[in-house]
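First comes the structure, then the notes that go with it.
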Amino acid sequence: MLRLLAVIIVMFVSGCEMSQTQTKTKISLPEPDSEGAKMVKEFCSDCHAPPSPLVHTAKEWPNVIYRMQERRRMKAYELMGEPERIILLEYLEKFAKS
Ligand code: HEC
């Protein structure tokens, strides 16, 4: 009985840690209310957690976005429109790794 209780407690605690990590991923987007952050949340969270702009340099981002658009196409997801793609890219470049 005690052992079962311990297992339940461990599950509960690790569950909390997991949801904390998820929240952190969400808050790690700078200027979270900006159009750019909204675009990242909308178009970059269908397949994985939305990435931080810090994972690439401004020079690298265009290629990554191009590849992700192709991934949307492969999955038959609605493609990013040109205006959205530009807002998203400018946002990622603005806060990119230097
Ligand atoms: C249709 C699914 C899908 C969507 C939508 C998507 N991704 Fe991805 N992403 C992937 C897959 C699959 C991988 C792993 C393979 C790869 O790197 O291409 C990945 C990997 C990544 C990586 C890690 C690899 C690297 O090159 O650094 C980054 C960063 C990334 N995605 C950014 C984005 C951004 C930014 C968006 C929004 C514009 C986005 N993703 C939207 C499927 C997707």
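Note that these values count all heavy atoms, side chains included, but never hydrogens, waters or copies made by symmetry. Order of appearance sets the numbers: ligands from 1, and atoms from 1 within every ligand.
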Seminar exercise, completed: A student checking ligand 1 against Tyr77 at a 4.0 Å heavy-atom cut-off should list atoms 1 (C)

For this session: For Trp61 and Pro53, indicate whether the former's side chain and the latter's backbone hold a donor-acceptor pair under 3.5 Å.
Result: yes

Exercise. Phe43, Val55: one ILVMFWY side-chain cluster at the under-4.5 Å cut-off?
Worked result: yes

Problem set entry | Pair Asp46 + Arg72: basic N to acidic O under 4.0 Å | yes

For this session: Check each atom of ligand 1 against the heavy atoms of Arg72 and keep those under 4.0 Å away; list them by number with element.
Result: 1 (C), 5 (C)

Problem set entry | Reported CD1-to-CD distance for the pair Ile87 and Glu84, which is rounded to 0.5 angstrom | 6.5 Å

Exercise. Which residue holds the protein heavy atom closest to atom 27 (O) of ligand 1, what is that atom called, and what is the gap in Å?
Worked result: His56 NE2, 2.5 Å

For this session: Give the contacting part of Trp61 toward ligand 1: side chain, backbone, both or neither, where contact means a heavy-atom distance below 4.0 Å.
Result: side chain

Problem set entry | Arg73/Glu70 salt bridge by N-O under 4.0 Å criterion | yes

Problem set entry | Protein non-hydrogen atom below 4.0 angstrom of atom 33 (C) of ligand 1 present | yes

For this session: For Leu88, take its heavy atoms, then give the atoms of ligand 1 lying under 4.0 Å from any of them.
Result: 38 (C)

Problem set entry | Nearest heavy atoms of Ala37 and Pro30, plus distance in Å | CB-O, 4.1 Å

Problem set entry | Note: Glu93-Lys59 ion pair, threshold 4.0 Å (strictly below) | no

Exercise. Counting distance only, does the side-chain N/O of Glu60 pair as donor-acceptor with the main-chain N or O of Thr57 below 3.5 Å?
Worked result: yes

Problem set entry | Gap between atom CE of Met74 and atom CZ of Arg67 - 0.5 Å precision | 10.5 Å

For this session: Could you list the atoms of ligand 1 found under 4.0 angstrom from a heavy atom of Phe43?
Result: 5 (C), 37 (C), 41 (C)

For this session: Look at the side chain of Tyr77 and the backbone N and O of Arg71, then say whether any donor-acceptor pair between them is shorter than 3.5 Å.
Result: no

For this session: Return the set of protein N, O or S atoms whose distance to atom 8 (Fe) of ligand 1 is under 2.8 Å, each given as residue and atom.
Result: His48 NE2, Met68 SD

For this session: Would you mind running through ligand 1 and noting each atom that sits below 4.0 Å from a heavy atom of Ile65?
Result: 35 (C), 38 (C)

Exercise. Do protein heavy atoms approach atom 3 (C) of ligand 1 to less than 4.0 Å?
Worked result: yes

